[in-house]
Amino acid sequence: MSESEQQPWGRVAEDGTVYVREGDGERAVGEFPGATPEEALAYYERKFADLAGQVSILEQRARRGAPAPDIAKSVAALKQNVVGASAVGDLAALDARLDKLGGAVEELTEQQSAEAKAAVAEALQVREQIVVEAESLAAEDPAKTQWKRASAQLDELFGRWQQHQKDGPRLPKNEANELWKRFRAARSVIERNRKAFFAELDSQHRGARSTKATLIERAEALVSRGADGIPQYRDLLDEWKRAGRAGKRDDDALWARFKAAGDQIYAAKAQVDAVENEEYAGNLDAKLALLAEAEPLLTETDRDVAKAKLLDVQRRWDEIGRVPREQVRPIEDRLRKVEAAVRKLDEEHWRANNPEKQARSAGLAAQLSEAIERLEAELAEAKAAGDAKGVTAAEEAIEARKAWLNALR
């Protein structure tokens, strides 16, 4: 290889020394004994390519937003390697690229600083929101709080806090401490309220359990009285409702015992009812026959006939006696309906034949008749005089009084 055929950035001398061109001069970078000039030059060009590759990688890292301090440190180290490097190539261009990277680091530092501030501000807002939600939970009325939901929400908030603390940016110490104090205070209030609520609830449950245990003993003591114990059992049931809750598991077990006692009492009553129903079945048939006699009175118009028949039915009804319990209301309602119809006949009779009312009606009728006679005379005079208005007024007055008179008759 002649000197005129050497690469633009280096050459190999006759003694095997390899030179790199820098500016207007050149600098020896080494030699490659036992190799051809082409091999020697290629070796030092590869060393340049390695340096150029490192610069390219650093440029890519800077473009991707790598931390500015890391870029600055790498730039300084590479510049030391490039200056006086034992390599053949455009070392000045590499040095210029590194200088440019140094300037970019300053811009990157400013950008990353702004981004870091924005990230911190956003992180503070996230932590603030977590704190506000915790404080909102702490402000709830403990008596109205759904504690299962509230505990789950508190756990979720604490999990969010820990995850954000792990993944988010580092916050200024003062702000971070202040937010943590608020969150911790809210959590303490919630835990204190929860413990107080359940302590009070446990106390109430203990009281209810004790009360209901006593009610069970009293109910079980009534079983031996059979149906006669029902009124007292009903009173115990009212007390049971007022006793409050004893906790779901205990309530179910206690209620099962209380109800079992009631079932026995009502079972005894059912046996009594069954006996009575059989005993009173004949009475029911008799009363149904009486109703067949009585119900035609619903359309009877003669008051005296209706009253006499109803009195006879009522007498025999009472003599028959009791009927099965479930039939009492239906047949009594049917008899009451007949009694109401007869009573209505009687009331209408007395309204029509009341002596005082008749006297008042007679006096009023006489007054109306006199008024009609007087008005008829006035009507005749008005007609004779041709007084149209007088005729109209007299006719209207006569009509009104005749209507009243007809209503009295």
From [X] [atom1] over to [Y] [atom2], what is the distance, rounded to the nearest 0.5 angstrom?
X	Y	atom1	atom2	value
I216	E220	CD1	CD	6.5 Å
T145	E140	OG1	CD	4.5 Å
E319	L290	CD	CG	9.5 Å

Next item on the list: Show your reasoning for whether salt bridge (Lys or Arg N to Asp or Glu O under 4.0 Å) applies to E156 and R160.
Entry: CA-CA 6 Å; E156 188 267 340; R160 281 166 53 191; 3.6 Å; yes
Item checked: Pairing residues for E135 by the salt bridge (Lys or Arg N to Asp or Glu O under 4.0 Å) criterion, not counting sequence neighbours -> R182
Notebook entry, point to check: Sequence neighbours excluded, which residues qualify as salt bridge (Lys or Arg N to Asp or Glu O under 4.0 Å) partners of K307?
Noted result: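 If we apply the salt bridge (Lys or Arg N to Asp or Glu O under 4.0 Å) test to K307, skipping adjacent residues, the hits are D346.
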Pairwise side chain to side chain donor-acceptor pair (under 3.5 Å) hits with a residue in [range], at least two apart:
range	value
residues 171-181	none
residues 285-294	E293-R316
residues 253-262	K259-D263

Item checked: Contact check, side chains of R61 and S74, non-hydrogen atoms, under 4.5 Å ->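 The answer is yes; the side chains approach within 4.5 Å.
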Notebook entry, point to check: Heavy atoms, side chains only, cut-off 4.5 Å: are R334 and L288 in contact?
Noted result: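 Sidechains of L288 and R334: in contact.
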Suppose we screen for side chain to side chain contact (heavy atoms under 4.5 Å, CB included). Which residues come up paired with [X], at least two apart in sequence or across chains?
X	result
S224	none
D304	D302
A268	none

Next item on the list: State whether a side-chain donor-acceptor pair under 3.5 Å links Q314 with E339.
Entry: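 The criterion, which ignores hydrogens and geometry beyond distance, is satisfied for E339 and Q314.
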Notebook entry, point to check: Between Q129 and Q125, does any side-chain donor sit less than 3.5 Å from a side-chain acceptor?
Noted result: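 Not at all, the side chains of Q129 and Q125 share no donor-acceptor pair under 3.5 Å.
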Margin query: I need the single residue from V20, V88, L94, V82 that forms a side-chain contact (heavy atoms from CB on, under 4.5 Å) with F48. Which is it?
Written below: L94
Would you say the side-chain atoms of [X] pair up with the backbone N or O of [Y], donor to acceptor, closer than 3.5 Å?
X	Y	value
W161	V131	no
S136	V132	no
N283	R322	yes
R187	A134	no
Y44	G89	no

Check: Got a sec, which pairs hit ring-ring contact (aromatic ring centres under 6.0 Å, His included) with one end in residues 14-35, sequence neighbours left out?
Finding: F32-Y43
Next item on the list: Could you list all the ring-ring contact (aromatic ring centres under 6.0 Å, His included) pairs where at least one residue sits in residues 207-238, not counting sequence neighbours?
Entry: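 Applying ring-ring contact (aromatic ring centres under 6.0 Å, His included) to every pair that reaches into residues 207-238, excluding sequence neighbours, yields Y233-F258.
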Quick one: side chains of residues 49-56, donor-acceptor pairs under 3.5 Å with protein atoms, not counting sequence neighbours, listed by atom name and distance.
{"unit_1": "S56", "atom_1": "OG", "unit_2": "A52", "atom_2": "O", "d": "3.1"}
{"unit_1": "S56", "atom_1": "OG", "unit_2": "R97", "atom_2": "NH2", "d": "3.0"}

Check: Excluding sequence neighbours, so at least two apart, what forms ring pair (Phe, Tyr, Trp, His ring centres under 6.0 Å) with F158?
Finding: none
